[in-house]
Amino acid sequence: MALIVQKFGGTSVKDRSRIYNVARIVADTRNAGNDVVVVVSAQGDTTDDLIEKAAEITSNPSAREMDMLLATGEQISIALLTMALNEIGCPAISLTGWQAGFKTDRAYTKARIHRMDTERLESELGRGRVVVCAGFQGINRMDDITTLGRGGSDTSAVAIAAALHADRCQIFTDVEGVYTADPRKIPNAKKLKEITFDEMLELASLGAQVLNNRSVELGKKYGVEMEVLSSLNPMPGTIVREVCKDMEGMLIKGVARDDDVAVISILEVPDRPGMSFKVFGSLAQKKINVDIILQSTGRNGNKDLTFTVPAKDAELAVACLKENSGRIGSSDIHVNRDVAKVSIVGAGMQSHAGVASTMFEALYEANINIMMISTSEIKISVILDKKDAEQAVRAIHSAFVH
Ligand code: ASP
Ligand code: MG
């Protein structure tokens with residue numbers, strides 16, 4: 001007998017028929033002889049609707065009251081799913097986040113889980129019941145309801161799996177797993193059998209939003225293997241784990257495109273100690289995240305600095321550099337928003353030569369120019385013209401995934 005945590009997202013419980021669909025998956029898992037803890041999100045767009053309701057009242061709601069409001073969404077789901085389970089003969093009980101023992105810090109609307117008190121969960125399991133827990137919510141030291149931030153139910157599921165040493169943590173969603181590229185755009189994108197936590201984190205930060213990032217970080221920290229699979233088409237999905245045994249001969253796990261990027265250049269900056277500090281220090285003060293940085297070799301005592309920032313921060317970054325141009329020693333600032341970042345991610349590139357050159361060759365054959373390059377142990381990113389991005393993803397994908 002195994003202990004299995006199953007999490008179902010908002011689309012998986014959005015109406016009566018989906019709730020019964022979930023109830024049958026859960027009941028089948030229990031009838032196969034397992035203990036089951038279920039974590040659910042709010043139905044469909046409920047959380048967005050609640051946020052809108054608050055906006056009708058005030059443009060500046062207190063964070064504590066937002067959590068009081070948003071937590072109601074998940075409470076609807078747990079009650080309805082538990083009724084459905086009971087209806088089909090599966091003994092079950094619902095627990096809110098605080099009943100299930102999620103103890104969080106006091107940061108309303110973005111709380112972090114401090115501790116899980118699992119007595120209630122364990123005693124209900126001991127009585128042979130399926131336990132249906134509200135995701136996304138907990139309680140702080142003041143006995144106030146807190147929520148974990150948007151998409152937080154994934155994190156709730158992993159936290160329960162870690163605390164109960166569950167054998168498996170399944171994240172059911174509306175896609176069949178993690179793909180090598182967006183399957184809506186790249187028809188021959190392949191579903192992965194496995195992916196490492198680190199690869200998943202890189203892909204998520206590049207915009208592949210299958211799993212909430214914090215849940216993957218938590219999974220990595222506590223060694224909780226996660227499986228991403230579809231609630232509508234029940235077949236094996238993608239396993240997220242520390243190390244993948246079978247690399248499936250795949251050097252890379254995914255190609256991702258990120259359009260939320262702008263390139264900023266500041267030219268002819270006097271080349272002396274402290275130059276980078278003055279530029280990036282002033283941006284850091286404005287909390288602007290800089291990603292790729294290129295510094296030219298000096299000429300005539302000057303250097304050019306080129307770097308990327310999130311597109312939404314470009315204006316602020318330029319204003320900030322202009323403000324500090326006296327200190328920096330240059331006001332020759334340029335910004336290019338017609339760019340995109342295309343990246344490949346794969347732990348396989350650590351032990352295989354030639355991955356970068358395959359990527360660059362694919363771009364060369366498609367006659368696409370690269371503006372900037374950056375690499376990490378398991379990722380290579382290039383900045384290119386936005387109009388080339390789609391073709392670039394396709395060319396790179398077909399160079400690696402057959
Ligand atoms: N219902 C919350 C949200 O929509 C939490 C979740 O779905 O995981 O963000
Ligand atoms: Mg949701």
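The basis for the numbers below is simple: all heavy atoms, side chains too, and nothing from hydrogens, waters or symmetry mates. One-based numbering, in listed order, for ligands and for the atoms of each.
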**Complete:** Counting from 1 in the order shown, the ligand 1 atoms closer than 4.0 Å to a non-hydrogen atom of Gly151 are 3 (C), 5 (C), 6 (C), 8 (O), 9 (O)

**Request:** For Arg150, take its heavy atoms, then give the atoms of ligand 1 lying under 4.0 Å from any of them.
**Result:** 3 (C), 4 (O), 9 (O)

Salt-bridge present ([X], [Y]; N to O < 4.0 Å):
{"X": "Lys220", "Y": "Glu242", "answer": "yes"}
{"X": "Asp48", "Y": "Arg150", "answer": "yes"}
{"X": "Asp304", "Y": "Arg299", "answer": "yes"}

Geometry only, no angles: is [X] polar-contacting ligand 1 at N/O separations under 3.5 Å?
{"X": "Asp154", "value": "no"}
{"X": "Gly149", "value": "no"}
{"X": "Ser41", "value": "yes"}

**Prompt:** What side chain to side chain donor-acceptor pair (under 3.5 Å) pairs are there with at least one residue in residues 320-332, not counting sequence neighbours?
**Reply:** Asp332-His334

**Request:** Sequence neighbours left out, what pairs pass side chain to side chain donor-acceptor pair (under 3.5 Å) with at least one residue falling in residues 387-402?
**Result:** Thr180-His397, Glu390-Arg394

**Message:** Just to check, does Gly152 reach to within less than 4.0 Å of ligand 1 when the distance is taken from its heavy atoms?
**Reply:** yes

